[in-house]
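Inspection log for the structure reproduced underneath, given as structure tokens.
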Amino acid sequence: MKRFSLWLVLFVLLGVQSALAQSYTIKGNVVSKSNNEPLIGVSILQKGTTNGVVTDIDGNYVLQVQGGEATLVFSYIGMQTQELKVNSRTGVLNVVMQDDTQLVDEVVVVAYGVRKKGTIAGSVSTVKGDKFESVPAASFDQALQGQASGLQVMSNSGEPSAAASFQIRGVNSINAGVSPLFILDGIAVSADDFSALNPSDIESVSVLKDASSTSIYGARAANGVVVITTKRGKMGEKGHITARAQYGISKLAYGKWNQMNTSERLDYEEEIGLRVPGTYDRELLERTNIDWRDAVYNDNAPFSNVELQFSGASDRYNYYVSGGVYNQEGIALGSDFTRYSFRANLEAKLNSWFKIGTNSAVSYEDISEATSGEYTTVTPISAARFMLPYWNPYKADGSYASVSDDTWLGTNVNPLEWQANNPTNSNKWKVMANLYGELRPIEGLVIKSIGGVDFLDRRGDVSSNPSYLPNMGEGYLGRSFSRYYNLTWTNTINYVFDYKDAHHFNVLLGQEAVNNQSEAFSIITRGQSSDKLLNMSSATRAESPSDSFSGSTYLSFFARGEYNYQGKYYADFSVRRDGSSRFGKNSRWANFWSVGLMWDAKREAFLEDYEWLTNAQLSASVGTSGNSSIPPYDHLALFAGGLTYGLEGSVLPGIAPYSRGNEDLTWEKLLTTNIALKLGFFDRINVVAEFYHKKTTDMLMAVPVTLTSGYVEQWDNIGAMVNKGVDLSFDIDILRMRDFRWNVGANISYNHNEITELYGGRDVYELANTNLNNS
């Protein structure tokens with residue numbers, strides 16, 4: 001019995017020793033590589049188990065590891081995940097975590113979410129914010145040209161505040177809107193006021209081009225979608241402050257014009273008989289030799305930009321706050337632009353399953369505009385082409401030569417003096433803001449609600465001084481006011497789950513409501529007698545009053561499903577049902593859909609051994625979208641005021657039929673097909689080739705009608721158009737070192753546009769107001 005007891009004690013001791021050998025302690029500290037600051041809340045998990053801890057306020061951790069050798073997984077949002085092997089002899093393990101900038105580069109913003117680059121079937125081009133923040137431009141659209149294949153950005157004027165026009169893969173309509181849909185942080189915004197958005201606040205811009213990426217936006221996505229994402233605080237970043245200042249000058253893009261100087265002009269006038277040699281003082285005229293390009297344009301127009309940014313984040317909150325002042329003198333005489341901007345992007349994680357946030361921006365702009373639209377001798381931009389080189393716009397003291405004291409020797413008036421006495425100014429307030437809440441009741445399920453507003457308040461003045469001689473002592477002042485807002489409310493349910501590790505699903509359900517309204521009025525007053533009292537109350541009469549109001553609403557329901565098998569084969573589909581108040585009661589609703597497929601061939605076994613081939617993907621998509629960009633009420637038969645008619649020598653206000661109406665009016669539809677090939681070589685060279693075909697049917701057109709009807713035109717769904725083309729892009733990393741990267745990229749696009757059907761079988765589109773063949 002005693003011997004048995006000794007053996008029992010021995011076995012117990014051996015068992016305890018064995019158990020102790022299978023459990024050991026690992027401790028250490030975790031810091032950020034960028035600033036060597038301790039990281040709070042880093043997750044340390046023993047791989048393959050649920051055994052884990054998080055770091056404390058000083059970045060320290062202690063973990064009891066079960067078993068023998070193990071792998072510890074260190075993870076933190078915004079940092080590169082690290083897997084490190086440990087055993088009973090490790091003891092202390094300190095870890096330095098690096099910002100996951102590569103991960104940020106690999107994320108692509110798509111409709112209602114983000115995806116990892118290379119895992120989507122749709123055609124998406126992404127431009128990172130660093131492309132904008134160093135470019136000396138008032139708005140990001142002016143810096144976007146040439147950055148994305150298939151996207152054409154054109155500046156319509158030299159005004160610093162003027163918005164550029166966007167086209168994605170050609171023009172898809174004749175009379176309806178041709179601009180893309182712009183989404184800023186989840187809400188739709190107007191394309192007319194991008195000067196209010198500070199380019200330095202932008203994190204990325206995604207251009208969605210094919211049906212797979214745009215159809216989920218349905219009725220508004222026929223011309224593509226541009227998704228703009230602003231900056232947020234980066235996880236693990238403590239109180240980061242950035243100050244930026246820029247100063248520079250602007251010049252005309254094209255050098256000197258090939259215009260005659262005074263000597264050449266006088267020779268020409270003598271040759272055609274306008275002047276007879278010896279009958280005028282040629283030597284006196286040749287003393288004046290004006291290059292009117294230099295007189296009208298400022299070839300060294302200065303600009304300045306000052307910005308201050310604060311950003312940071314923890315496991316519970318993140319913030320990005322910025323403010324800036326931008327000032328630019330336009331190269332055109334009389335143009336000026338000043339912007340004051342402020343942005344606050346804030347997010348708070350209230351607990352493990354709920355967070356709220358806002359992305360809000362407000363700006364004020366002060367704008368002076370050069371008169372450029374009229375092709376006359378008095379507006380400086382056009383007059384620069386008409387004025388003769390021996391007409392001096394300046395007196396000897398440097399002031400403007402004037403018609404009032406006969407120092408202006410040219411025809412009509414001095415255009416520089418005219419501009420100074422006929423200024424055009426405006427100012428506007430712009431607010432773009434959203435508020436959202438995000439609920440995560442179970443793993444993989446996200447319920448999100450976001451409400452947003454795009455608001456614009458603009459005031460404009462146009463005036464003329466009574467002291468200006470052509471006004472004969474009578475000045476005038478015109479004032480206008482306009483207000484616009486767009487309200488968006490979007491609710492989504494997103495569920496991500498896996499089945500047997502090989503099948504990955506992502507399902508999205510959503511509902512969206514949009515309400516936009518605009519109003520405006522203007523009036524001109526005349527009879528002011530003093531330049532210093534150029535206001536409405538000093539006028540003797542008022543004329544040309546006008547006012548307007550318009551609005552429209554959308555209601556939408558949508559769904560998207562995504563599936564991939566082992567990261568090799570991808571499929572996605574989307575459906576959307578839209579209703580719009582812009583269409584007749586008989587055809588107010590429409591359905592849109594898309595299907596996309598993608599094959600990641602590089603992940604196949606037969607290509608894994610080819611290390612020089614780093615990417616090989618083939619994708620295809622087909623789907624529909626719509627266009628509803630027409631006047632809000634033209635589907636109705638309406639009367640309108642503001643018309644006048646004469647009766648016995650007097651002019652009286654009148655009301656008359658305005659629109660004929662069409663209750664069967666419905667969506668313009670677009671069917672898009674896209675095929676794309678993406679190749680990567682040596683992890684340095686990337687090539688993308690895309691081929692697309694787009695067909696527009698049921699085009700929304702203002703069709704001329706017989707004048708005997710009492711109308712000029714009527715909106716109808718008649719006509720068809722085809723767009724087809726190729727987008728090619730490539731980029732190459734020439735040098736890539738630890739803190740330096742030299743990358744060269746280029747893109748080229750070809751687009752063929754053809755109108756295949758017009759109303760009434762016509763081959764030429766006739767404008768309704770020309771009254772041609774309207775019988």
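Side-chain atoms are counted along with the backbone in the values below, which use heavy atoms only and exclude waters and symmetry mates.
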(request) Could you tell me the separation between the CG atom of Leu184 and the OG atom of Ser190, rounded to the nearest 0.5 Å? (result) 11.5 Å
(request) Measure the CZ-CH2 distance between Arg459 and Trp429 for me, rounded to the nearest 0.5 Å. (result) 11.0 Å
(request) Please check if the side chain of Ser580 supplies one atom and the backbone of Tyr554 the other of a donor-acceptor pair under 3.5 Å. (result) no
(message) Are the side chains of Lys448 and Leu439 in contact, using a 4.5 Å heavy-atom criterion?
(response) no
(request) Go through the steps for Glu37 and Ser32 under the test side-chain hydrogen bond (donor to acceptor under 3.5 Å, both in side chains), then give the verdict. (result) CA-CA 5 Å; Glu37 294 286 343; Ser32 169; over 6 Å; no
(message) If the threshold is 4.0 Å, N to carboxylate O, is there a salt bridge linking Asp600 and Lys568?
(response) no
(request) Evaluate the salt bridge (Lys or Arg N to Asp or Glu O under 4.0 Å) criterion for residues Lys47 and Glu83: first the C-alpha distance (whole Å), next the side-chain angles of each, then the deciding distance (0.1 Å), finally the verdict. (result) CA-CA 9 Å; Lys47 190 172 183 179; Glu83 296 188 3; 3.0 Å; yes
(message) So Arg440 and Leu445, do their side chains get closer than 4.5 Å, heavy atoms only?
(response) no
(message) Measuring from atom OG of Ser341 to atom CG of Leu197, what distance do you get when rounded to the nearest 0.5 angstrom?
(response) 8.5 Å
(message) Using the side-chain hydrogen bond (donor to acceptor under 3.5 Å, both in side chains) criterion, which residues pair with Ser482? Sequence neighbours excluded.
(response) none
(request) Using only heavy-atom distances, determine whether the side chains of Asn29 and Asn94 contain a donor-acceptor pair under 3.5 Å. (result) no
(message) Strictly below 4.0 Å, N to O, side chains only: are Glu203 and Arg232 in salt-bridge contact?
(response) no
(request) Please name the residue in the list Val225, Ile228, Thr488 that meets the side chain to side chain contact (heavy atoms under 4.5 Å, CB included) test with Ile183. (result) Val225
(message) Would you say Asp201 and Ser322 are linked by a side-chain donor-acceptor pair, where the criterion is simply a distance under 3.5 Å?
(response) yes
(request) Please determine, by modelled atom types, if Asp366 and Thr338 share a side-chain donor-acceptor pair under 3.5 angstrom. (result) no
(request) Consider only side-chain N and O atoms of Gln64 and Ser23, and report whether a donor and an acceptor are under 3.5 Å apart. (result) yes
(request) Measure the shortest side-chain to side-chain distance between Val514 and Asn486 over non-hydrogen atoms and say whether it is less than 4.5 angstrom. (result) yes
(message) A side-chain contact here means heavy atoms from C-beta on lying under 4.5 Å apart; do Leu93 and Leu84 qualify?
(response) yes
(message) Does either side chain, that of His503 or that of Tyr563, offer a donor lying less than 3.5 Å from an acceptor on the other one?
(response) yes
(message) side-chain hydrogen bond (donor to acceptor under 3.5 Å, both in side chains) for Asn318 and Glu347? Distances and angles first, verdict last.
(response) CA-CA 5 Å; Asn318 75 69; Glu347 186 177 83; 3.0 Å; yes
(request) Side-chain contact test, heavy atoms from C-beta onward, threshold under 4.5 Å: evaluate it for Thr55 versus Ile44 and give yes or no. (result) yes
(request) Quickly, which of Asn506, Ile447, Val507, Leu509 forms a side chain to side chain contact (heavy atoms under 4.5 Å, CB included) with Asn494? Name it, please. (result) Asn506
(message) Are the side chains of Leu63 and Leu72 in contact, using a 4.5 Å heavy-atom criterion?
(response) yes
(message) Please check: side-chain N/O of Arg343 versus main-chain N/O of Val321, any donor-acceptor pairing under 3.5 Å?
(response) no
(message) Using the ring centroid of each side chain, check whether Phe497 and Phe505 are separated by less than 6.0 Å.
(response) yes
(request) Search all heavy atoms of Met598 against all heavy atoms of Ser619 and return the closest pair with its distance. (result) CG-CB, 3.6 Å
(message) I'd like to check the side-chain contact (heavy atoms from CB on, under 4.5 Å) partners of Asp572; sequence neighbours left out, ordered by chain and number.
(response) Ala121, Ser212, Glu562
(message) When you compare the side chains of Asn434 and Asp185, does any donor N or O come within less than 3.5 Å of an acceptor on the partner?
(response) no
(request) Indicate whether any N or O donor in one side chain lies under 3.5 Å from an N or O acceptor in the other, for Tyr436 and Glu438. (result) no
(request) Report the C-alpha distance between Gln309 and Ile241 in whole Å, list the side-chain angles of each, state the deciding distance to 0.1 Å, and finish with yes or no for side chain to side chain contact (heavy atoms under 4.5 Å, CB included). (result) CA-CA 6 Å; Gln309 302 169 353; Ile241 301 176; over 6 Å; no
(request) Please round to the nearest 0.5 Å and tell me the distance separating atom CZ of Phe592 and atom CZ of Phe558. (result) 14.0 Å
(message) One pair to check against side-chain hydrogen bond (donor to acceptor under 3.5 Å, both in side chains): Asp578 and Ser556. What are the steps and the verdict?
(response) CA-CA 5 Å; Asp578 279 325; Ser556 307; 2.3 Å; yes
(message) Could you walk me through whether Gln517 and Tyr484 satisfy the side-chain hydrogen bond (donor to acceptor under 3.5 Å, both in side chains) test, starting with their C-alpha distance in whole Å, then the side-chain angles of each, then the deciding distance to 0.1 Å, before giving a yes or no?
(response) CA-CA 6 Å; Gln517 292 189 8; Tyr484 164 87; over 6 Å; no
(message) Under 4.0 Å between a side-chain nitrogen and a carboxylate oxygen: does that hold for Arg576 and Glu512?
(response) yes
(message) Is there a side-chain contact between Thr81 and Phe74 in this structure, where contact means two heavy atoms from C-beta onward sitting under 4.5 Å apart?
(response) no
(message) For the residue pair Ser426 / Arg458, report whether a side-chain donor-acceptor contact shorter than 3.5 Å exists.
(response) yes
(request) Nearest 0.5 Å please: distance from the OG atom of Ser200 over to the CG atom of Asn305. (result) 6.0 Å
(message) One thing to verify: whether Glu365 and Arg339 come together as a salt bridge, which I'm taking to mean a side-chain N less than 4.0 angstrom from a carboxylate O.
(response) no
(message) For a quick check under 3.5 Å, do Thr214 and Ser625 share a side-chain donor-acceptor pair by atom type?
(response) no
(message) For the residue pair Asn516 / Ser552, report whether a side-chain donor-acceptor contact shorter than 3.5 Å exists.
(response) yes
(request) Ignoring hydrogens and angles, tell me if any N or O in the side chain of Thr49 forms a donor-acceptor pair with the backbone of Asn51 under 3.5 Å. (result) yes
(message) On the six-membered ring of Tyr61, is Lys27 placed so that its NZ or CZ lies under 6.0 angstrom from the centre and within 45° of the ring axis?
(response) no
(request) Step by step, work out the side chain to side chain contact (heavy atoms under 4.5 Å, CB included) result for Ile168 and Val226. (result) CA-CA 9 Å; Ile168 298 177; Val226 177; 4.1 Å; yes
(message) Contact between Thr242 and Leu308 at the side-chain level, heavy atoms closer than 4.5 Å - yes or no?
(response) no
(message) Could you go through Tyr364 and Phe342, starting from their C-alpha distance and side-chain angles, then the distance that decides it, and tell me whether this counts as side chain to side chain contact (heavy atoms under 4.5 Å, CB included)?
(response) CA-CA 9 Å; Tyr364 173 79; Phe342 174 80; over 6 Å; no
(request) Inspect the contact between Lys430 and Asp454 and indicate whether a charged nitrogen and a carboxylate oxygen are less than 4.0 angstrom apart. (result) yes
(request) Search all heavy atoms of Tyr570 against all heavy atoms of Asn564 and return the closest pair with its distance. (result) CD2-CB, 3.2 Å
(message) Determine whether Thr230 and Asn345 satisfy the following criterion, side chain to side chain contact (heavy atoms under 4.5 Å, CB included), listing intermediate values before the conclusion.
(response) CA-CA 8 Å; Thr230 57; Asn345 292 353; 2.9 Å; yes
(message) My understanding is that only residues two or more places apart in sequence, or in another chain, count here; which of them pass side-chain contact (heavy atoms from CB on, under 4.5 Å) with Asp733?
(response) Arg684, Arg736, Arg741, Asn743
(message) Whether the Ser449 and Asn491 side chains hold a donor-acceptor pair (N or O, under 3.5 Å, no angle test) is what I'd like checked.
(response) yes
(message) Rounded at 0.5 Å granularity, tell me how far CD1 in Ile187 sits from CG in Leu435.
(response) 11.0 Å
